[in-house]
Amino acid sequence: MSTTGANADPLAALGSLPGVAESVESVRKAVDRVYGHRIMRRRSNEITSEAALRGARGSAALSGADWALEEVRRRTDFSGDDEARTVGAALRLTAEAGQLLSIWRQSPLRVLARLHLVAAAGEEDTVGRPRQDGEPVDEPLVDLPLPDAAELAGRLEGLSQLIIAGGSAPALVTAAVVHGELLALRPFGTHNGLVARAAERIVLVGSGLDPKSVCPAEVGHAEPGRAAYLAALEGYVSGTPEGMATWIAHCGRAIELGARESTAVCEALQRGAA
(Lines give C-alpha, C1' and ligand atoms only; values in the text may rest on other atoms or scores of the structure.)
Protein backbone atom coordinates (compact mmCIF):
# COMPACT_ATOMS: atom_id res chain seq x y z
CA MET A 1 0.00 0.00 0.00
CA SER A 2 1.26 3.45 -0.83
CA THR A 3 0.94 5.58 2.28
CA THR A 4 1.61 8.88 0.51
CA GLY A 5 -0.42 11.03 -1.81
CA ALA A 6 -2.94 13.83 -1.95
CA ASN A 7 -5.47 12.16 0.31
CA ALA A 8 -4.89 13.49 3.82
CA ASP A 9 -6.35 10.34 5.37
CA PRO A 10 -5.79 7.38 3.04
CA LEU A 11 -6.79 4.89 5.73
CA ALA A 12 -10.20 6.50 6.09
CA ALA A 13 -10.61 6.33 2.31
CA LEU A 14 -10.27 2.55 2.51
CA GLY A 15 -13.39 2.51 4.65
CA SER A 16 -15.44 3.43 1.59
CA LEU A 17 -14.35 0.38 -0.40
CA PRO A 18 -17.18 -2.01 -1.27
CA GLY A 19 -18.07 -4.27 1.64
CA VAL A 20 -15.73 -2.65 4.15
CA ALA A 21 -18.46 -0.78 6.03
CA GLU A 22 -20.35 -4.05 6.38
CA SER A 23 -17.24 -5.78 7.73
CA VAL A 24 -16.70 -2.98 10.24
CA GLU A 25 -20.28 -3.28 11.50
CA SER A 26 -20.13 -7.07 11.66
CA VAL A 27 -16.92 -6.91 13.70
CA ARG A 28 -18.41 -4.37 16.09
CA LYS A 29 -21.42 -6.60 16.74
CA ALA A 30 -19.24 -9.67 17.29
CA VAL A 31 -17.03 -7.83 19.77
CA ASP A 32 -20.04 -6.36 21.56
CA ARG A 33 -21.45 -9.87 22.06
CA VAL A 34 -18.32 -10.98 23.90
CA TYR A 35 -18.16 -7.89 26.07
CA GLY A 36 -21.84 -8.23 26.88
CA HIS A 37 -21.51 -11.78 28.15
CA ARG A 38 -22.28 -12.09 31.84
CA ILE A 39 -19.02 -13.97 32.49
CA MET A 40 -17.04 -10.98 31.22
CA ARG A 41 -18.38 -8.87 34.06
CA ARG A 42 -16.91 -11.19 36.68
CA ARG A 43 -14.02 -13.08 35.11
CA SER A 44 -12.67 -10.90 32.31
CA ASN A 45 -9.06 -11.45 33.40
CA GLU A 46 -9.44 -15.18 32.82
CA ILE A 47 -10.89 -14.55 29.36
CA THR A 48 -8.04 -12.22 28.51
CA SER A 49 -5.44 -14.78 29.61
CA GLU A 50 -7.07 -17.57 27.64
CA ALA A 51 -7.41 -15.34 24.57
CA ALA A 52 -3.71 -14.52 24.79
CA LEU A 53 -2.77 -18.19 24.88
CA ARG A 54 -5.05 -19.08 21.97
CA GLY A 55 -3.91 -16.08 19.98
CA ALA A 56 -0.26 -17.02 20.42
CA ARG A 57 -1.01 -20.58 19.34
CA GLY A 58 -2.77 -19.30 16.22
CA SER A 59 0.03 -16.92 15.31
CA ALA A 60 2.65 -19.64 15.76
CA ALA A 61 0.60 -21.98 13.55
CA LEU A 62 0.70 -19.41 10.74
CA SER A 63 4.47 -19.29 11.10
CA GLY A 64 4.83 -23.05 10.75
CA ALA A 65 4.46 -24.32 14.34
CA ASP A 66 0.93 -25.71 14.39
CA TRP A 67 0.79 -27.17 17.90
CA ALA A 68 -2.27 -28.34 19.76
CA LEU A 69 -3.53 -25.83 22.31
CA GLU A 70 -2.92 -28.20 25.21
CA GLU A 71 0.67 -28.72 24.12
CA VAL A 72 1.23 -24.94 24.19
CA ARG A 73 -0.49 -24.79 27.57
CA ARG A 74 1.58 -27.50 29.25
CA ARG A 75 5.01 -26.78 27.73
CA THR A 76 7.48 -24.78 29.80
CA ASP A 77 10.63 -25.10 27.69
CA PHE A 78 10.57 -23.46 24.24
CA SER A 79 14.31 -23.57 23.55
CA GLY A 80 14.39 -26.80 21.58
CA ASP A 81 13.78 -27.00 17.84
CA ASP A 82 12.60 -24.31 15.41
CA GLU A 83 8.91 -24.99 16.10
CA ALA A 84 9.38 -24.70 19.84
CA ARG A 85 11.25 -21.43 19.42
CA THR A 86 8.48 -20.10 17.17
CA VAL A 87 5.82 -20.92 19.76
CA GLY A 88 7.95 -19.34 22.48
CA ALA A 89 8.37 -16.19 20.38
CA ALA A 90 4.61 -15.98 19.83
CA LEU A 91 3.94 -16.29 23.55
CA ARG A 92 6.51 -13.61 24.39
CA LEU A 93 5.06 -11.24 21.82
CA THR A 94 1.54 -11.69 23.10
CA ALA A 95 2.70 -10.82 26.61
CA GLU A 96 4.79 -7.87 25.43
CA ALA A 97 2.17 -6.29 23.18
CA GLY A 98 0.06 -5.15 26.12
CA GLN A 99 3.04 -3.27 27.56
CA LEU A 100 3.56 -1.16 24.45
CA LEU A 101 0.17 0.46 23.95
CA SER A 102 1.16 3.85 25.33
CA ILE A 103 4.20 4.04 23.02
CA TRP A 104 2.53 2.89 19.81
CA ARG A 105 0.77 6.12 18.83
CA GLN A 106 3.88 8.22 19.53
CA SER A 107 6.60 5.94 18.16
CA PRO A 108 5.34 2.91 16.21
CA LEU A 109 8.76 2.17 14.73
CA ARG A 110 10.20 1.93 18.23
CA VAL A 111 7.46 -0.53 19.12
CA LEU A 112 8.15 -2.65 16.03
CA ALA A 113 11.84 -2.75 16.91
CA ARG A 114 10.96 -3.87 20.43
CA LEU A 115 8.60 -6.55 19.16
CA HIS A 116 11.28 -7.99 16.93
CA LEU A 117 13.81 -7.89 19.74
CA VAL A 118 11.40 -9.83 21.95
CA ALA A 119 10.56 -12.35 19.23
CA ALA A 120 14.13 -12.99 18.13
CA ALA A 121 15.52 -13.08 21.68
CA GLY A 122 19.05 -12.37 20.56
CA GLU A 123 19.11 -15.02 17.84
CA GLU A 124 21.05 -12.81 15.39
CA ASP A 125 23.01 -9.59 15.21
CA THR A 126 20.33 -7.75 13.21
CA VAL A 127 17.53 -7.90 15.78
CA GLY A 128 15.43 -4.82 16.30
CA ARG A 129 16.42 -2.96 13.13
CA PRO A 130 15.11 -2.98 9.56
CA ARG A 131 17.07 -5.15 7.16
CA GLN A 132 19.62 -3.75 4.73
CA ASP A 133 20.05 -4.68 1.07
CA GLY A 134 21.60 -8.10 0.73
CA GLU A 135 20.54 -9.33 4.15
CA PRO A 136 18.46 -12.52 4.00
CA VAL A 137 14.87 -12.78 5.20
CA ASP A 138 13.75 -16.03 6.79
CA GLU A 139 10.00 -16.00 6.19
CA PRO A 140 9.53 -19.18 4.14
CA LEU A 141 5.74 -19.25 4.29
CA VAL A 142 5.36 -15.81 2.67
CA ASP A 143 6.48 -16.07 -0.95
CA LEU A 144 6.02 -12.53 -2.25
CA PRO A 145 8.36 -10.02 -3.91
CA LEU A 146 10.61 -8.45 -1.28
CA PRO A 147 10.95 -4.65 -1.35
CA ASP A 148 14.50 -3.33 -1.29
CA ALA A 149 15.90 -1.40 1.66
CA ALA A 150 15.09 2.02 0.21
CA GLU A 151 11.45 1.15 -0.45
CA LEU A 152 11.24 -0.52 2.95
CA ALA A 153 12.50 2.59 4.73
CA GLY A 154 10.10 4.88 2.87
CA ARG A 155 7.06 2.72 3.44
CA LEU A 156 7.85 2.14 7.10
CA GLU A 157 8.15 5.89 7.60
CA GLY A 158 4.88 6.46 5.76
CA LEU A 159 3.11 3.87 7.89
CA SER A 160 4.55 5.44 11.02
CA GLN A 161 3.32 8.89 10.01
CA LEU A 162 -0.19 7.59 9.40
CA ILE A 163 -0.34 5.98 12.82
CA ILE A 164 1.01 9.05 14.59
CA ALA A 165 -1.39 11.35 12.72
CA GLY A 166 -4.38 9.24 13.70
CA GLY A 167 -7.50 9.89 11.70
CA SER A 168 -11.04 8.70 11.32
CA ALA A 169 -10.43 5.23 9.89
CA PRO A 170 -12.18 2.35 11.70
CA ALA A 171 -9.94 0.22 13.89
CA LEU A 172 -10.46 -2.75 11.57
CA VAL A 173 -9.07 -0.83 8.60
CA THR A 174 -6.04 0.48 10.48
CA ALA A 175 -5.28 -2.94 11.95
CA ALA A 176 -5.59 -4.62 8.56
CA VAL A 177 -3.25 -2.11 6.91
CA VAL A 178 -0.64 -2.37 9.67
CA HIS A 179 -0.75 -6.17 9.49
CA GLY A 180 -0.72 -6.32 5.70
CA GLU A 181 1.99 -3.71 5.24
CA LEU A 182 4.36 -5.38 7.69
CA LEU A 183 3.92 -8.75 6.02
CA ALA A 184 4.36 -7.21 2.58
CA LEU A 185 7.53 -5.39 3.67
CA ARG A 186 9.01 -8.07 5.95
CA PRO A 187 11.20 -5.40 7.56
CA PHE A 188 13.23 -7.78 9.73
CA GLY A 189 15.37 -10.78 9.01
CA THR A 190 13.07 -13.14 10.93
CA HIS A 191 9.71 -13.38 12.70
CA ASN A 192 7.92 -10.84 10.49
CA GLY A 193 4.62 -12.70 10.56
CA LEU A 194 4.63 -12.91 14.34
CA VAL A 195 5.49 -9.21 14.62
CA ALA A 196 2.81 -8.20 12.10
CA ARG A 197 0.11 -10.06 13.98
CA ALA A 198 1.26 -8.65 17.32
CA ALA A 199 1.10 -5.14 15.83
CA GLU A 200 -2.44 -5.84 14.63
CA ARG A 201 -3.35 -6.82 18.20
CA ILE A 202 -1.88 -3.56 19.52
CA VAL A 203 -4.04 -1.55 17.11
CA LEU A 204 -7.21 -3.41 18.03
CA VAL A 205 -6.61 -2.98 21.77
CA GLY A 206 -5.29 0.57 21.63
CA SER A 207 -8.13 1.76 19.41
CA GLY A 208 -10.68 0.76 22.03
CA LEU A 209 -12.35 -1.81 19.79
CA ASP A 210 -11.05 -4.66 21.98
CA PRO A 211 -9.63 -2.93 25.08
CA LYS A 212 -9.38 -6.11 27.17
CA SER A 213 -7.80 -8.08 24.30
CA VAL A 214 -10.39 -10.85 24.35
CA CYS A 215 -10.94 -11.21 20.58
CA PRO A 216 -7.73 -12.87 19.33
CA ALA A 217 -7.63 -12.20 15.60
CA GLU A 218 -4.70 -14.62 15.33
CA VAL A 219 -7.15 -17.46 16.02
CA GLY A 220 -9.31 -16.31 13.12
CA HIS A 221 -6.37 -15.88 10.77
CA ALA A 222 -5.22 -19.41 11.50
CA GLU A 223 -8.60 -21.17 11.42
CA PRO A 224 -9.11 -21.11 7.61
CA GLY A 225 -5.49 -22.23 7.12
CA ARG A 226 -2.30 -20.68 5.80
CA ALA A 227 -3.37 -20.93 2.14
CA ALA A 228 -6.43 -18.74 2.73
CA TYR A 229 -4.37 -16.32 4.80
CA LEU A 230 -1.73 -15.93 2.10
CA ALA A 231 -4.33 -15.65 -0.67
CA ALA A 232 -5.97 -12.75 1.17
CA LEU A 233 -2.53 -11.17 1.72
CA GLU A 234 -1.91 -11.29 -2.01
CA GLY A 235 -4.99 -9.10 -2.38
CA TYR A 236 -3.41 -6.54 -0.09
CA VAL A 237 -0.10 -6.64 -1.95
CA SER A 238 -1.89 -6.14 -5.28
CA GLY A 239 -2.95 -2.68 -4.11
CA THR A 240 -6.19 -2.86 -6.08
CA PRO A 241 -9.45 -1.74 -4.47
CA GLU A 242 -10.81 -5.27 -4.77
CA GLY A 243 -7.68 -6.80 -3.28
CA MET A 244 -7.57 -4.33 -0.41
CA ALA A 245 -11.25 -4.91 0.35
CA THR A 246 -10.66 -8.67 0.34
CA TRP A 247 -7.81 -8.35 2.83
CA ILE A 248 -9.78 -6.04 5.13
CA ALA A 249 -12.75 -8.41 5.01
CA HIS A 250 -10.42 -11.32 5.82
CA CYS A 251 -9.07 -9.44 8.84
CA GLY A 252 -12.60 -8.60 9.92
CA ARG A 253 -13.62 -12.22 9.72
CA ALA A 254 -10.53 -13.15 11.75
CA ILE A 255 -11.60 -10.82 14.56
CA GLU A 256 -15.11 -12.27 14.46
CA LEU A 257 -13.72 -15.80 14.75
CA GLY A 258 -11.54 -14.68 17.64
CA ALA A 259 -14.61 -13.20 19.31
CA ARG A 260 -16.47 -16.46 18.74
CA GLU A 261 -13.59 -18.36 20.37
CA SER A 262 -13.77 -16.23 23.50
CA THR A 263 -17.55 -16.46 23.58
CA ALA A 264 -17.16 -20.22 23.67
CA VAL A 265 -14.70 -19.86 26.55
CA CYS A 266 -17.25 -17.69 28.39
CA GLU A 267 -19.94 -20.31 27.81
CA ALA A 268 -17.67 -23.06 29.13
CA LEU A 269 -16.87 -21.07 32.26
CA GLN A 270 -20.55 -20.34 32.78
CA ARG A 271 -21.42 -24.03 32.53
CA GLY A 272 -18.69 -24.84 35.01
CA ALA A 273 -20.04 -22.27 37.46
CA ALA A 274 -23.61 -23.48 37.18
Side-chain angles (χ1 to χ4, degrees), residues 34-35 37-40 42-101 114-124 127 138-142 179 190-202 204-205 210-229 254-274:
V34 179
Y35 278 83
H37 199 285
R38 60 183 298 183
I39 288 293
M40 278 293 294
R42 296 183 285 113
R43 302 175 69 176
S44 64
N45 288 343
E46 292 176 67
I47 308 302
T48 295
S49 295
E50 188 65 20
L53 184 72
R54 294 175 185 232
R57 192 217 73 82
S59 191
L62 289 168
S63 287
D66 192 1
W67 288 14
L69 179 63
E70 291 310 312
E71 176 66 9
V72 179
R73 196 189 303 279
R74 75 165 188 83
R75 184 75 72 97
T76 57
D77 180 10
F78 297 96
S79 62
D81 57 16
D82 286 346
E83 285 196 6
R85 286 191 291 272
T86 295
V87 175
L91 289 166
R92 291 193 301 274
L93 282 175
T94 300
E96 185 73 13
Q99 310 301 314
L100 299 172
L101 295 171
R114 175 62 185 170
L115 289 174
H116 186 245
L117 187 66
V118 168
E123 289 173 11
E124 63 273 333
V127 294
D138 181 14
E139 202 72 40
L141 300 177
V142 180
H179 184 169
T190 59
H191 301 303
N192 289 288
L194 295 177
V195 168
R197 291 183 288 274
E200 179 186 50
R201 173 182 287 269
I202 288 173
L204 294 173
V205 175
D210 181 19
K212 294 183 182 293
S213 195
V214 296
C215 301
E218 304 95 326
V219 169
H221 287 303
E223 185 170 316
R226 286 196 295 269
Y229 178 67
I255 298 167
E256 292 180 51
L257 290 171
R260 186 186 70 181
E261 185 90 351
S262 286
T263 299
V265 173
C266 287
E267 293 293 333
L269 288 174
Q270 183 167 280
R271 288 192 299 271

field: Where Ala259 and Cys215 come nearest, the two heavy atoms and their spacing
entry: CB-SG, 3.8 Å

query: For Arg75, which residues count as a side chain to side chain donor-acceptor pair (under 3.5 Å) partner, sequence neighbours excluded?
result: Glu71

statement: In terms of heavy-atom contacts, Arg92 and Val118 come closest through NE-O, 2.9 Å

Distance in Å, Arg57 CZ paired with Asp66 CG, rounded so as to fall on 0.5 Å steps: 5.0 Å

field: Flag side-chain contact, heavy atom, 4.5 Å: Met40 against Lys212
entry: yes

Smallest separation among heavy atoms of Leu141 and Gly64, with atom names: CD1-N, 3.4 Å

field: Donor-acceptor contact present, side-chain Arg85 to main-chain Gly80, <3.5 Å
entry: yes

message: Check whether Ser262 reaches the backbone of Val214 with its side chain - one donor and one acceptor, N or O, closer than 3.5 Å.
response: yes

- prompt: Would you say the side-chain atoms of Gln270 pair up with the backbone N or O of Ile39, donor to acceptor, closer than 3.5 Å?
  reply: no

Ser59: side-chain contact (heavy atoms from CB on, under 4.5 Å) partners, not counting sequence neighbours: Leu194, Arg197, Glu218

- request: Starting at CD1 of Ile47, measure out to CZ of Arg42 and round the result to the nearest 0.5 Å.
  value: 10.0 Å

Closest heavy-atom pair and its distance - Ala120, Val127: CB-CG1, 3.3 Å

- prompt: Is a side-chain N or O of His116 found less than 3.5 angstrom from the main chain of Thr190, in a donor-acceptor match?
  reply: yes

- prompt: Nearest 0.5 Å, what's the CG-CD1 distance between Asp210 and Ile255?
  reply: 8.0 Å

query: What closest approach, in Å, do Phe78 and Val87 show between heavy atoms, and which atom pair accounts for it?
result: CE2-CG1, 3.6 Å

field: Residues which pass side chain to side chain donor-acceptor pair (under 3.5 Å) with Arg226, listed by chain and number, not counting sequence neighbours
entry: none

field: Check: Leu101 and Val205 side chains under 4.5 Å, non-hydrogen atoms
entry: yes

- prompt: What distance do Glu200 atom CD and His221 atom NE2 have between them, rounded to the nearest 0.5 Å?
  reply: 3.5 Å

statement: Scanning both residues in full, the closest heavy-atom pair of Ala56 with Ala90 reads O-CB, 3.4 Å

statement: Rounded to the nearest 0.5 angstrom, the CD-CG distance for Glu50 and Leu69 is 6.0 Å

From Ser63 atom OG to Asp82 atom CG, the distance as rounded to the nearest 0.5 Å: 12.0 Å

query: Less than 4.5 Å apart, any side-chain heavy atom of Pro216 and any of Arg201?
result: yes

